[in-house]
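Report on one structure; see the data block that follows.
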Amino acid sequence: QVQLVESGGGLVQAGGSLRLSCAVTGRALSRATMGWFRQAPGKEREFVAGIDWSLSTAYSDSVKGRFTISRDNARNTVYLEMNSLKPEDTAVYYCARGGLWNRVPTSRDDYDYWGQGTQVTVSS
């Protein structure tokens, strides 16, 4: 019964910004660790950012300082603010729900529910 729906992707020039949203239905958003992953054509799906119930966050080195993950439990929504975008950020971005942890795993195997993804394309 858990569903995740991403939105906010699109085409943006290098140096620009986008804000992705992930609307979540189901139980325990307030306590579930949430993550953002991305997958470029021909590449593995990789961890981008995550946030746990205590609002502790984790980021991949490639996006640290440029991306910010946040959550609004009242709206059952997780966000990814992406700034200073680069062409190498081009990918399908996926929202994922993990367990009721006080930590942020970075492995895909630690997340059980996934959205359909939203395309982000950054032009040079």
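Every value quoted in this text rests on a predicted model; they were computed, and no experiment measured them.
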Which atoms form the tightest heavy-atom contact between [X] and [Y], and what is the distance?
X	Y	value
Ala23	Thr77	CA-OG1, 4.4 Å
Met34	Arg71	CG-NH2, 3.8 Å
Ser21	Trp36	O-CH2, 3.8 Å

Does [X] belong to the same Ile/Leu/Val/Met/Phe/Trp/Tyr cluster as [Y], with side-chain heavy atoms less than 4.5 Å apart forming each link?
X	Y	answer
Val2	Trp114	no
Ile51	Tyr113	yes
Leu80	Leu55	yes
Val63	Val12	yes
Ile69	Leu85	yes

Show which side-chain atoms of residues 116-124 pair as donor or acceptor with protein atoms under 3.5 Å away, not counting sequence neighbours.
from, atom 1, to, atom 2, distance (Å)
Thr118, OG1, Gly9, N, 3.2
Gln119, NE2, Ala91, O, 3.4
Gln119, NE2, Thr121, OG1, 3.4

Once side-chain hydrogen bond (donor to acceptor under 3.5 Å, both in side chains) is applied, do any residues pair with [X], and if so which ones, sequence neighbours excluded?
X	value
Arg103	none
Lys43	none
Thr68	none
Asp109	none

Only pairs at least two apart or in different chains count here, so list each disulfide bond (SG atoms under 2.5 Å apart) that has a residue in residues 35-87.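 Sorted result for residues 35-87: empty, none.
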
Would you mind listing every disulfide bond (SG atoms under 2.5 Å apart) that reaches into residues 83-119, with sequence neighbours excluded?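 The answer is Cys22-Cys95.
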
Around Gln3, counting heavy atoms of other residues, nucleotides and ligands shown, do more than 12 lie under 6.0 Å from its CD?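 Check fails, neighbour count at 12 or below.
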
Taking the side chain as every heavy atom from C-beta outward, state whether Glu6 and Leu20 have any atom pair closer than 4.5 Å.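 Not touching, per the 4.5 Å side-chain cut-off.
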
All ring pair (Phe, Tyr, Trp, His ring centres under 6.0 Å) counterparts of Phe47, not counting sequence neighbours: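 Partners of Phe47 under the ring pair (Phe, Tyr, Trp, His ring centres under 6.0 Å) test: Phe37.
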
Listed once per pair and sorted, the side chain to side chain donor-acceptor pair (under 3.5 Å) pairs that draw on residues 82-94, sequence neighbours left out: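 As it turns out, the side chain to side chain donor-acceptor pair (under 3.5 Å) pairs with a partner in residues 82-94, which skip direct neighbours, are Ser17-Asn83, Arg38-Asp89, Arg38-Tyr93, Arg66-Asp89.
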
Could I get the full list of salt bridge (charged side-chain N to carboxylate O under 4.0 Å, His left out) partners for Arg19, not counting sequence neighbours?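 Listed in chain order: nothing, the list is empty.
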
Looking at residues at least two apart in the chain, or sitting in another chain, which of them share a side chain to side chain contact (heavy atoms under 4.5 Å, CB included) with Asp52?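 Expected list: Thr33, Ser54, Ser56, Asn102, Val104.
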
Going by the ring pair (Phe, Tyr, Trp, His ring centres under 6.0 Å) test, which pairs reach into residues 48-73, not counting sequence neighbours?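 The answer is none; no pair qualifies.
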
